[in-house]
Amino acid sequence: MSASESLRQETDNRGTWDDVRELPPSAKLVAKVLEYNDTMTQQQIADETLLPSRTVRYALNRLDEESVIDSRFSFSDARKRLYSLDIES
């Protein structure tokens, strides 16, 4: 597989704002917060949106199903995950 093919597959896996349109309001709010703040933990998202942690967790799962967020482990605290928006421009 060439580099251009792998790049094309990566971009095909990325979601769009159209994918977010059909999601619940909590997921839309979390997506907008991640759009304005580059990378955040689940607790930071909950603090910013004033949503309960359980609702934030549900929203993040729904966004992950649509492939519009990217999550990775935090280097400073491996118990936490960092979330960022991964939407095609």
Side-chain angles (χ1 to χ4, degrees):
M1 176 184 318
S2 71
S4 62
E5 287 176 7
S6 65
L7 181 62
R8 192 175 314 117
Q9 285 180 348
E10 277 184 26
T11 23
D12 290 345
N13 292 337
R14 296 173 73 186
T16 63
W17 280 111
D18 289 334
D19 298 329
V20 176
R21 186 173 291 138
E22 300 300 321
L23 294 177
S26 60
K28 293 175 188 175
L29 177 60
V30 169
K32 272 300 189 187
V33 166
L34 287 173
E35 180 183 24
Y36 291 111
N37 301 292
D38 190 35
T39 303
M40 300 177 82
T41 65
Q42 181 179 330
Q43 185 60 50
Q44 290 171 328
I45 295 169
D47 292 342
E48 182 76 19
T49 60
L50 302 176
L51 293 171
S53 294
R54 184 175 180 175
T55 304
V56 171
R57 194 167 43 251
Y58 173 73
L60 289 170
N61 285 335
R62 293 296 304 268
L63 291 167
D64 190 39
E65 289 171 2
E66 298 296 326
S67 301
V68 295
I69 60 169
D70 181 38
S71 69
R72 65 183 191 280
F73 287 104
S74 170
F75 290 119
S76 61
D77 187 352
R79 297 171 293 176
K80 296 181 181 179
R81 295 188 70 80
L82 297 173
Y83 298 94
S84 58
L85 200 61
D86 188 26
I87 290 185
E88 288 182 5
S89 301

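Quick note: numbers below take in every heavy atom, side chains included, and nothing from hydrogens, waters or symmetry partners.
- Pairs of residues two or more places apart, or lying in two chains, that qualify as salt bridge (charged side-chain N to carboxylate O under 4.0 Å, His left out) and include a residue from residues 64-74 are Arg62-Glu65.
- Residues forming a side chain to side chain donor-acceptor pair (under 3.5 Å) with Ser74 (at least two apart in sequence, or on another chain): Ser76.
- Partners of Asp19 according to the salt bridge (Lys or Arg N to Asp or Glu O under 4.0 Å) rule, which considers only residues two or more places apart in sequence or in another chain, do not exist here.
- Here the side chains of Val68 and Asp86 are not in contact, with every heavy-atom distance at 4.5 Å or above.
- Within the model, atoms CG of Leu23 and OH of Tyr58 stand 8.5 Å from one another, a figure rounded to the nearest 0.5 Å.
- Shown here for Gln44 and Thr39, the closest heavy-atom pair between the two residues is OE1-O, 4.3 Å.
- Not counting sequence neighbours, Ser84 has no partner by the side chain to side chain donor-acceptor pair (under 3.5 Å) test.
- Legend: residues meeting salt bridge (Lys or Arg N to Asp or Glu O under 4.0 Å) with Arg79, ordered by chain and number and at least two apart, are Asp77.
- With sequence neighbours left out, Ser67 forms a side chain to side chain contact (heavy atoms under 4.5 Å, CB included) with no residue at all.
- The side-chain heavy atoms of Phe73 and Arg81, taken from C-beta on, include a pair separated by under 4.5 Å.
- Thr49 pairs by the side chain to side chain contact (heavy atoms under 4.5 Å, CB included) definition with Leu29, Val33, Ile45, Leu51, Val56, not counting sequence neighbours.
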Step by step, would you call Leu85 with Ile69 a side-chain contact (heavy atoms from CB on, under 4.5 Å)?
CA-CA 4 Å; Leu85 200 61; Ile69 60 169; 4.3 Å; yes
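- Contacts of Lys32 classified as salt bridge (Lys or Arg N to Asp or Glu O under 4.0 Å), with partners at least two apart in sequence or in another chain: Glu35.
- The salt bridge (charged side-chain N to carboxylate O under 4.0 Å, His left out) pairs that include a residue from residues 39-48 number zero, where partners must be two or more places apart or lie in different chains.
- Across all non-hydrogen atoms, the minimal contact from Thr41 to Tyr83 is C-CD1, 4.4 Å.
- Within the structure, side chain to side chain donor-acceptor pair (under 3.5 Å) pairs that include any residue of residues 20-31 comprise Asp18-Arg21 (at least two apart or interchain).
- Under the 4.5 Å side-chain heavy-atom criterion for Ile, Leu, Val, Met, Phe, Trp and Tyr, Leu82 and Leu63 are members of distinct hydrophobic clusters.
- The side chain to side chain contact (heavy atoms under 4.5 Å, CB included) test applied to Asn61 returns Arg57, not counting sequence neighbours.
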